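First the structure, in the form of structure tokens, and then the observations on it.
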Amino acid sequence: MRVLRLCLLSVWFVAALPGLVLAADRTKLEEFLEVTGFDVALESIRLTAGSAPQILGMQAETFGTEWARLTEEVFATDIMHDMALDILEETLDDEMLTHAADFYASDLGQRLVVAENASHMTEDDGLKLESGADIVAALEGIDSPRLDYIRRMNAASDSAGTAVRAIVEVQVRFIMAAAGAGVIELHRDEDGLRALFKADEEAMTAEIEAGALTGAAYTYQSFSDAEVLAYAEALEHPRMRHVYDLMNAVQYEVMANRFEALATAMQRLQPSQEL
């Protein structure tokens with residue numbers, strides 16, 4: 001399951017999810033998470049915790065071994081897994097579930113899931129993005145159509161266009177929660193924070209697009225151009241787009257919830273610091 005994860009600013013926001021009458025049952029949802037690889041994508045949210053101190057103007061090293069223990073506790077896989085299932089029970093219907101599961105259960109789909117799972121759990125994002133950038137440069141050098149296929153994949157898997165809004169929203173929620181918990185002293189109100197992020201929106205958009213392109217180039221390097229095109233076309237199907245809108249929304253909300261919980265828990269580790 002193609003869920004984008006950036007290194008420093010890997011936090012997103014979800015708006016209110018629309019309820020659907022014909023929700024899928026929990027057993028089918030469990031199978032869906034596994035066959036699509038979304039269970040691993042959820043688990044990889046834990047890796048984003050490394051960016052949390054930097055968002056607050058701190059360093060993870062400041063907390064020593066306690067930081068690792070705290071993030072393991074807050075970003076526990078079972079907590080995130082159950083949150084995702086609770087949301088999906090109310091939002092993902094059988095028709096959408098079956099459409100996506102059938103594709104990912106195919107030979108190509110399962111090979112894609114293996115590659116995506118490995119990429120999600122690669123902690124050294126610097127190495128991944130550097131390797132991806134080299135691949136992109138090589139493809140540009142030969143004027144390969146593969147880059148267009150990858151861009152189509154990225155556009156289709158974030159068809160709601162939520163990435164920038166999500167980054168801003170979750171960071172605001174995290175910072176406000178940290179201020180409320182006494183972890184930091186905040187010298188601007190929420191509107192001021194949003195204005196600060198708004199000023200960087202253009203640069204943030206460019207960073208996300210570049211990171212998505214290099215990340216996908218790295219992840220799918222072992223697939224042929226024809227297979228990458230086939231994946232792009234599968235992701236562009238209206239039902240798959242709807243599924244991805246929901247999947248992204250679920251991941252965004254789980255991240256936001258866990259970062260707010262982390263902010264509250266951080267008061268046990270670090271005295272107040274000005275921001």
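Source: prediction; values computed, not measured. Residue numbers count from 1 along this sequence. What's counted below: heavy atoms across the whole structure, side chains too, no hydrogens, waters or symmetry copies.
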request  = Go through Val172 and Ile175 one step at a time and tell me if the side chain to side chain contact (heavy atoms under 4.5 Å, CB included) criterion holds.
outcome  = CA-CA 5 Å; Val172 168; Ile175 292 170; 6.0 Å; no
message = Distance alone, cut at 3.5 Å: any donor-acceptor contact between the side chains of Ser106 and Asp102?
response = no
request  = May I ask you to decide whether Glu201 forms a salt bridge with Lys198, counting only side-chain N to carboxylate O separations under 4.0 Å?
outcome  = yes
request  = State, to 0.1 Å, how close Asn257 and Arg173 come at their nearest heavy-atom pair, and which atoms those are.
outcome  = N-NH2, 4.3 Å
Validation row: Leu229, Arg152 side chains within 4.5 angstrom (heavy atoms) = yes
ask   = Hey, is the main chain of Ala230 close enough, under 3.5 Å, to the side chain of Glu233 for a donor-acceptor pair?
value = no
inquiry  = Return the CG to CG distance between Asp93 and Leu246, rounded to the nearest 0.5 Å.
reply    = 8.5 Å
request  = Check whether any side-chain heavy atom of Val168 sits under 4.5 Å from a side-chain heavy atom of Leu193, and report yes or no.
outcome  = no
ask   = Are Glu30 and His81 linked by a side-chain donor-acceptor pair shorter than 3.5 Å?
value = yes
query = Could Arg111 and Glu227 be called an ion pair, given the rule that one side-chain N must be under 4.0 Å from one carboxylate O?
reply = yes
message = In this structure, is the centre-to-centre distance between the rings of Phe38 and Tyr104 below 6.0 Å?
response = no
query = Is the Phe259 to Phe75 ring centre distance short of 6.0 Å?
reply = yes
request  = Look at Arg151 together with Asp148 and state whether they make a salt bridge at an N to O cut-off of under 4.0 Å.
outcome  = yes
task = Output, in order, the C-alpha distance, side-chain angles, deciding distance and verdict of side chain to side chain contact (heavy atoms under 4.5 Å, CB included) for Phe32 and Leu92.
result = CA-CA 11 Å; Phe32 173 82; Leu92 186 64; 3.9 Å; yes
request  = Verify, without hydrogens or angle tests, whether Glu34 (side chain) and Asp39 (backbone) share a donor-acceptor contact under 3.5 angstrom.
outcome  = no
inquiry  = Do the side chains of Asp86 and Arg26 get close enough for a salt bridge, i.e. N-O under 4.0 angstrom?
reply    = yes
task = May I ask you to say whether Arg69 pairs ionically with Glu66, meaning some side-chain N is under 4.0 Å from a carboxylate O?
result = yes
ask   = Under the 3.5 angstrom rule, does the side chain of Arg258 hit a backbone N or O of Val74 as a donor-acceptor pair?
value = yes
ask   = Between the side chain of Ser131 and the main-chain N/O of Lys128, is any donor-acceptor distance below 3.5 Å?
value = no
ask   = If you measure only the distance, is there a donor-acceptor pair under 3.5 Å linking the side chains of Glu169 and Tyr252?
value = no
